[in-house]
Amino acid sequence: MNVLIDNSDLFLTGFKNTGILFVISAFFALILGTIVAGMRVSPAPAMRAAGTFYVNFVRNTPLTLILAFFALGYPKLGLPNISFMTAAIIGLSLYTATYVSEAIRSGINTVSVGQSEAARAIGLPFMQTLSLIVLPQAFRSVVPPLFSVFIALLKNTTVAAGFSVFEAGSIRAYLSERGEPLLPGLLWVALIFVVLVLGILTPLQRYLEKKWRVAR
Amino acid sequence: MTNPAHAPALVELKAVNKHYGPLHVLQEINLQVAKGEVLVVIGPSGSGKSTLCRTINRLETIDNGSITIDGKELPKEGKQLANLRADVGMVFQSFNLFAHKTILENVTLGPIKVKGMSKSDADKLAMGLLERVGVGHQAAKLPAQLSGGQQQRVAIARALAMKPKVMLFDEPTSALDPEMINEVLDVMVELAKEGMTMVVVTHEMGFARKAADRVIFMADGQIVEEATPQEFFTNPQTPRAKDFLSKILTN
């Protein structure tokens with residue numbers, strides 16, 4: 001307990017930044033992932049190809065490499081400067097979006113083709129068929145896999161510690177600098193992660209599953 | 001009720017071909033449907049009748065040939081195709097009501113999103129149509145809470161809300177329990193009487209006799225026979241049609 005109380009500044013700032021990384025990356029990953037899923041079921045072959053390429057390329061690249069690119073490679077490109085935090089958010093969003101996209105695409109496949117045929121038959125163009133009819137139904141069936149993706153994202157944020165972002169994953173290094181015992185410190189970090197997942201994400205998942213349950 | 005030569009047919013198919021892999025499902029189909037005509041398409045399963053119906057609003061693409069609606073060639077894709085589909089009502093075998101929307105929303109969606117109608121006008125229109133097909137009191141429910149017959153009547157109302165020039169029915173009663181078939185057929189007969197142009201894929205001979213102007217019989221991707229319902233059911237010309245009728249009549 002002492003480790004936690006004596007170093008509450010480290011824990012508070014660390015987990016605050018973890019929270020920021022998580023919430024903002026999850027937001028952008030959800031939006032980008034939905035767009036990419038839409039591209040992958042689009043009637044236009046070029047869109048499908050672009051979506052497939054993006055998912056295969058980014059999903060098969062280790063997250064460490066992606067973050068390394070934005071933290072170390074990007075500044076050398078002569079583009080506007082971004083902070084390490086922003087770099088980590090971009091990397092995490094791009095990476096997580098591929099998993100979001102695949103989860104949503106599997107949800108799209110659970111919506112019977114008759115639903116989109118009926119939408120097209122009353123004159124809805126592709127985008128509206130997708131956004132008004134298919135996606136709302138697809139989201140309902142992908143709540144569990146989507147939350148797995150977000151829980152993975154929460155834990156993936158600790159990789160950013162390796163790229164100069166002070167977050168929960170960095171707490172250990174700072175503790176050892178202060179000469180604190182490492183094991184209790186690490187256990188506290190782990191425990192707080194468990195609390196975040198079980199206390200916030202899991203209830204949210206349960207709530208959404210219940211709210212969006214639909215009679216078929 | 002054949003189409004006079006000088007007036008363009010509302011729906012016209014010319015030399016339409018379609019393959020599913022090696023299977024030639026539509027073979028040089030030529031067909032005209034006049035305004036106000038009720039055409040019944042009949043035939044054994046696998047004969048191409050559903051495919052034929054679905055090509056008319058391009059839910060199925062064709063390999064070659066041409067399909068025109070009201071003199072206009074079916075657009076290939078995009079906005080023009082969507083606009084054309086708005087003029088062609090479609091009723092499916094499996095109803096396909098939007099599962100996450102209420103009955104009322106199912107009917108108002110098209111008028112609001114495609115035609116830009118205000119919500120209050122669309123609600124009024126939809127309630128009128130739902131009353132007409134006898135499910136007005138179910139407006140706030142979800143599709144899954146309705147019986148099959150009720151769902152199919154809602155599907156007809158949904159198509160009618162777009163004020164279509166022609167209505168396509170793809171085996172509208174095949175997924176229904178026997179006691180619900182008539183409630184749907186009654187609505188369709190009503191529509192036919194009001195002068196709606198209809199293409200109906202069905203095995204319901206009662207409907208064909210009561211409401212159809214013309215019957216076409218399809219087998220193996222071809223239109224084998226074309227006649228008035230009276231002629232077709234009492235005096236089929238081809239062995240295929242005779243064989244088929246003898247099978248469905250004994251049931």
Side-chain angles (χ1 to χ4, degrees), chain A residues 34 37-51 103-146 207-216, chain B residues 53-54 56-61 75-102 105-116 141-146 151 154-155 157-164 167-170 175:
Chain A
T34 308
M39 286 168 71
R40 294 201 68 180
V41 297
S42 147
M47 296 284 264
R48 282 203 302 275
I104 291 177
R105 197 164 66 94
S106 72
I108 290 174
N109 291 337
T110 67
V111 180
S112 91
V113 65
Q115 293 284 309
S116 60
E117 282 185 351
R120 284 148 65 201
I122 58 169
L124 289 177
F126 171 74
M127 281 304 288
Q128 286 189 326
T129 299
L130 195 63
S131 62
L132 297 172
I133 304 301
V134 179
L135 282 178
Q137 297 185 61
F139 270 113
R140 288 157 208 244
S141 55
V142 298
V143 171
L146 217 44
Y207 168 76
L208 289 176
E209 278 184 43
K210 222 168 157 181
K211 185 177 164 206
W212 285 345
R213 189 161 50 202
V214 69
R216 272 193 238 264
Chain B
C53 182
R54 288 161 56 87
I56 297 174
N57 67 355
R58 212 178 157 80
L59 282 180
E60 298 283 352
T61 56
K76 289 258 180 302
E77 56 198 20
K79 191 83 191 130
Q80 292 106 321
L81 178 58
N83 287 342
L84 182 127
R85 281 182 176 144
D87 286 341
V88 181
M90 176 105 189
V91 176
F92 300 85
Q93 179 176 352
S94 49
F95 330 134
N96 294 345
L97 293 181
F98 306 131
H100 61 307
K101 297 207 171 282
T102 65
E105 288 167 345
N106 261 277
V107 182
T108 58
L109 186 78
I112 292 173
K113 297 292 178 185
V114 177
K115 299 213 154 165
K141 291 187 179 169
L142 286 171
Q145 295 171 287
L146 270 60
Q151 289 192 48
V154 174
R158 175 175 68 180
L160 287 175
M162 298 303 291
K163 303 204 162 60
M167 291 269 285
L168 310 174
F169 293 82
D170 185 7

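Below, read A as the first sequence line, B as the second, and so on, with proteins coming before strands; counting in each chain starts at 1. Just so you know, these numbers use all the heavy atoms, side chains as well, and skip hydrogens, waters and symmetry mates. Remember, it's a predicted structure, so these values are computed and weren't measured experimentally.
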field: Portion of B/Lys115 that has a non-hydrogen atom of chain A nearer than 4.5 angstrom
entry: neither

message: Heavy-atom count check: over 12 atoms from other residues, nucleotides or ligands less than 6.0 Å from B/Lys101 NZ?
response: yes

query: Which atom names give the shortest non-hydrogen contact between B/His100 and A/Leu132, and what distance separates them?
result: NE2-O, 2.9 Å

- prompt: So what's closer than 4.5 Å to chain A heavy atoms on B/Leu97: side chain, backbone, both or neither?
  reply: backbone

message: Which residues in residues 113-125 of chain A have any heavy atom closer than 4.5 Å to a heavy atom of chain B?
response: A/Gly114, A/Gln115, A/Glu117, A/Ala118, A/Ala119, A/Arg120, A/Ala121, A/Ile122, A/Gly123, A/Leu124, A/Pro125

message: Does any backbone or side-chain atom of B/Phe98 lie under 4.5 Å from a heavy atom of chain A? Answer side chain, backbone, both or neither.
response: both

